[in-house]
Colleague: 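Questions regarding the structure given below will be posed in turn.
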Amino acid sequence: MTLTTGAREQRPALTRSLGLVDATMIVVGSMIGSGIFIVSAESSRLVGSPGWLLVAWVLAGTMTITGALCCAELAAMMPRAGGQYVFLREAYGPATGFIFGWSLLLVIQSGTIAAVAIAFANFMGVLVPRVSATTYLIAPIAFGGYAVSLSTQQSVAIAMIFALTITNMRGLRLGKRIQNAFTVTKAAALVALVVVGLTAGWSVGSAAYTSSWWNPWANGWESRVVQPGLAVAGVAALSLLLGRAMIGPLFAQAAWNNVTFTGAEVRDPGTNLPRALLIGCFTVVGLYLLANLAYVVALPLAEIQHAEQNRVATALMRTILGAPGTVVMAIAIMISTFGANNGLILAGARVSYAMAGDGLLFAKIGTLNRSHVPAVALMTQGVWAALLTLPRTVTVDPDTGAAAYGNVYTQLLEYIVPADLVLFGLMVAAVFVMRHKAPGANRPYRTWGYPVVPAVYLTLALLLISDLAYLAPSTSGIGFVILLSGMPVYLVWRRAVAPPVLVAPIAAGEEDGHPIPTPPASIDR
């Protein structure tokens with residue numbers, strides 16, 4: 001099929017008003033959200049020792065850094081609205097780009113927004129006890145292994161999503177000001193947590209002193225308790241569960257690619273996008289490792305594993321500062337999650353906007369409002385993210401018949417991360433593909449350590465995807481099903497609507513916020 005570029009160039013333009021600081025704030029602000037303050041509880045339960053907990057974070061950090069090094073080359077080469085969607089479309093064709101955007105809208109971006117909103121409400125519960133996962137406005141309604149409910153916690157999460165969606169509909173300038181202010185505040189809070197934990201938090205009763213660093217069995221850990229029905233034991237079980245323990249750290253470090261979605265709004269993108277990605281990712285990964293070291297030196301292992309509602313950071317501050325520390329940390333994390341969701345909401349809608357401009361979603365989603373932002377795309381994303389806060393799994397005790405409802409936050413992570421890994425893997429592999437397809441294209445930045453760096457990412461991603469498919473088939477399977485469902489939806493869409501309009505790959509980049517003219521051309525896919 002032959003696709004032309006002419007119609008796309010007549011669409012209203014986004015404005016290039018994001019500088020290096022703004023772009024870096026999107027990277028840092030989207031990464032630092034709820035995860036670093038919560039997920040270490042689940043990860044420490046899965047691996048049973050402080051040493052392996054830190055290894056899970058180091059491996060996740062390795063994937064983040066190697067992924068960002070590869071993404072930076074593509075972002076500098078193709079600084080367009082939609083970012084990763086454009087990279088996949090140009091490397092593999094419109095079907096793969098559609099599957100990415102479809103998955104992003106249905107589970108990855110919207111699910112992340114939902115999970116961060118739930119975390120915001122979780123920590124509001126520290127200040128307002130009525131905001132709770134078990135205080136229901138609508139009690140759980142079960143159907144099979146799932147249920148839908150509306151608790152006060154879920155209600156607060158939904159309100160937060162809509163408030164930030166409406167705010168971002170008022171223009172990029174307001175959105176970036178909120179992003180910058182909240183990112184500075186929450187980065188300072190995370191630094192304070194690290195400093196307090198590593199200076200005043202040292203305790204001879206902590207995990208660092210009283211637990212075996214590398215022998216979880218010496219700490220009372222049993223793999224079949226952690227993962228009921230696990231068919232292997234010993235080192236093999238620990239290796240598998242180490243992979244599952246990386247879900248939380250990977251989620252905590254996710255969304256670094258969001259800045260690429262705003263590629264058409266970044267000034268001097270060939271320079272600023274790579275710098276923002278690398279400065280932001282190295283900064284956050286370093287802070288996360290230090291924060292987990294603070295947990296280990298300040299808290300007993302059991303307190304990390306069984307912190308109330310997984311609030312490890314709150315437990316640390318309570319141990320050091322008493323009750324005021326709990327309140328201070330809860331407020332800091334609410335600020336952090338609020339800022340993170342602002343960045344996620346701001347950036348995520350740009351993918352749907354780009355897809356609609358290519359004829360792969362309803363045309364209305366590809367329009368801008370008077371403030372030059374994709375308002376319809378923002379509202380579509382917000383409505384779906386709000387709906388994702390409602391479902392949870394149900395397990396029934398065979399002896400008592402009592403129903404237990406799953407943790408919405410943890411389950412959203414297991415939907416998101418496996419599908420995200422597949423798409424990140426395709427993006428990293430796109431560096432190889434584009435060097436073959438477009439060897440002469442302008443590349444303001446070239447991946448450091450190529451081809452070893454992308455090979456490291458792809459190897460770790462493949463191992464982890466296999467691990468999660470084995471250990472968490474019911475939740476990770478949903479993410480995979482949504483991913484695969486994109487193909488039949490794409491085929492139906494292509495039959496139902498006119499052929500999409502796509503732009504040609506960027507060969508020379510963009511300068512000073514003005515696109516370098518591309519003559520009308522046709523591309524055979």
Side-chain angles (χ1 to χ4, degrees), residues 12-34 75 79-85 104-105 109-110 112-114 116-117 120 157-187 254-269 272-273 276-277 280 334-357 365-386 513:
L14 295 162
T15 59
R16 287 196 180 275
S17 57
L18 299 174
L20 175 60
V21 172
D22 301 319
T24 304
M25 291 295 179
I26 290 176
V27 177
V28 174
S30 297
M31 291 177 74
I32 301 177
S34 56
R80 293 286 180 91
Q84 189 174 344
Y85 157 73
L104 199 80
L105 178 61
Q109 193 80 0
S110 53
T112 302
I113 291 168
V116 173
F120 172 86
I158 291 169
M160 177 216 199
I161 290 169
F162 282 123
L164 285 173
T165 296
I166 292 169
T167 299
N168 275 281
M169 289 169 64
R170 296 180 60 189
L172 181 62
R173 179 175 296 181
L174 178 59
K176 79 174 184 180
R177 285 177 177 173
I178 292 173
Q179 187 66 21
N180 292 353
F182 276 84
T183 297
V184 169
T185 303
K186 66 183 177 178
W256 51 264
N257 62 326
N258 275 217
V259 73
T260 71
F261 303 163
T262 65
E265 296 160 282
V266 176
R267 296 191 298 269
D268 188 15
N272 287 335
L273 281 171
L277 279 163
M334 287 173 64
I335 291 171
S336 178
T337 50
F338 191 88
N341 250 0
N342 182 72
L344 292 166
I345 289 167
L346 183 156
R350 270 62 180 177
V351 176
S352 299
Y353 165 80
M355 290 177 66
I365 295 175
T367 60
L368 302 177
N369 66 6
R370 293 180 180 179
S371 300
H372 295 277
V373 295
V376 177
L378 281 162
M379 187 53 68
T380 302
Q381 172 185 260
V383 169
W384 183 246

Colleague: Could you check whether any side-chain heavy atom of I158 comes within less than 4.5 Å of a side-chain heavy atom of F162, counting everything from C-beta outward?
Modeller: yes
Colleague: Measure the spacing between CD1 of I26 and OG1 of T260 and express it to the nearest 0.5 Å.
Modeller: 10.5 Å
Colleague: Under the side-chain contact (heavy atoms from CB on, under 4.5 Å) rule, what do V373 and N168 come out as? Steps first, then yes or no, please.
Modeller: CA-CA 8 Å; V373 295; N168 275 281; over 6 Å; no
Colleague: Determine whether I32 and T183 make a side-chain contact, defined as any pair of heavy atoms from C-beta on separated by less than 4.5 Å.
Modeller: no
Colleague: Do the non-hydrogen side-chain atoms of F120 and N341 ever get within less than 4.5 Å of each other?
Modeller: no
Colleague: Go through the structure and list residues passing side chain to side chain donor-acceptor pair (under 3.5 Å) with Q381, not counting sequence neighbours.
Modeller: none
Colleague: What are the two closest heavy atoms between V27 and G280, and how far apart are they?
Modeller: CG1-CA, 3.8 Å
Colleague: Checking side-chain contact (heavy atoms from CB on, under 4.5 Å) for the pair T337/K186: CA distance, chi angles, key distance, verdict?
Modeller: CA-CA 9 Å; T337 50; K186 66 183 177 178; over 6 Å; no
Colleague: Measure the spacing between CG of L378 and OG1 of T165 and express it to the nearest 0.5 Å.
Modeller: 6.5 Å
Colleague: Checking E265 side chain against L18 main chain: does a donor-acceptor pair fall under 3.5 Å?
Modeller: no
Colleague: What are the two closest heavy atoms between L105 and W384, and how far apart are they?
Modeller: O-CD1, 3.0 Å
Colleague: Of all the heavy-atom pairs spanning F338 and M160, show the shortest one and how long it is.
Modeller: CA-CE, 3.3 Å
Colleague: Are the side chains of F261 and Q109 in touch, meaning some heavy atoms are under 4.5 Å apart?
Modeller: yes
Colleague: Check whether any side-chain heavy atom of L172 sits under 4.5 Å from a side-chain heavy atom of H372, and report yes or no.
Modeller: no
Colleague: V376 versus M169: any side-chain heavy-atom pair under 4.5 Å?
Modeller: no
Colleague: What's the separation between atom CD1 in I178 and atom CG in L346, rounded to the nearest 0.5 Å?
Modeller: 9.5 Å
Colleague: Using a 3.5 Å distance criterion without hydrogens, assess whether the side chain of N272 forms a donor-acceptor pair with backbone atoms of R267.
Modeller: yes
Colleague: Contact between F182 and I335 at the side-chain level, heavy atoms closer than 4.5 Å - yes or no?
Modeller: yes
Colleague: Distance check, rounded to the nearest 0.5 Å: I113 atom CD1 versus N342 atom CG?
Modeller: 10.5 Å
Colleague: If I take atom CG from residue L273 and atom CG from residue D268, how far apart are they, to the nearest 0.5 angstrom?
Modeller: 9.0 Å
Colleague: Measuring from I345:CD1 to Q179:CD, what's the distance to the nearest 0.5 Å?
Modeller: 10.0 Å
Colleague: Do you know the tightest heavy-atom contact between G82 and A354?
Modeller: CA-CB, 4.0 Å
Colleague: Between the main-chain N or O of G33 and the side-chain N or O of S336, is there a donor-acceptor pair closer than 3.5 Å?
Modeller: yes
Colleague: Closest approach of A264 and A81, non-hydrogen atoms and distance?
Modeller: CB-N, 3.4 Å
Colleague: Any heavy-atom pair between the side chains of T167 and L174 that's under 4.5 Å?
Modeller: yes
Colleague: What closest approach, in Å, do G366 and A356 show between heavy atoms, and which atom pair accounts for it?
Modeller: N-CB, 3.2 Å
Colleague: So among L164, I161, T112, which one has a side chain to side chain contact (heavy atoms under 4.5 Å, CB included) with L344?
Modeller: T112
Colleague: Name all residues meeting the salt bridge (charged side-chain N to carboxylate O under 4.0 Å, His left out) criterion together with K176; count only those two or more places apart in sequence or in a different chain, and write none if there are none.
Modeller: D22
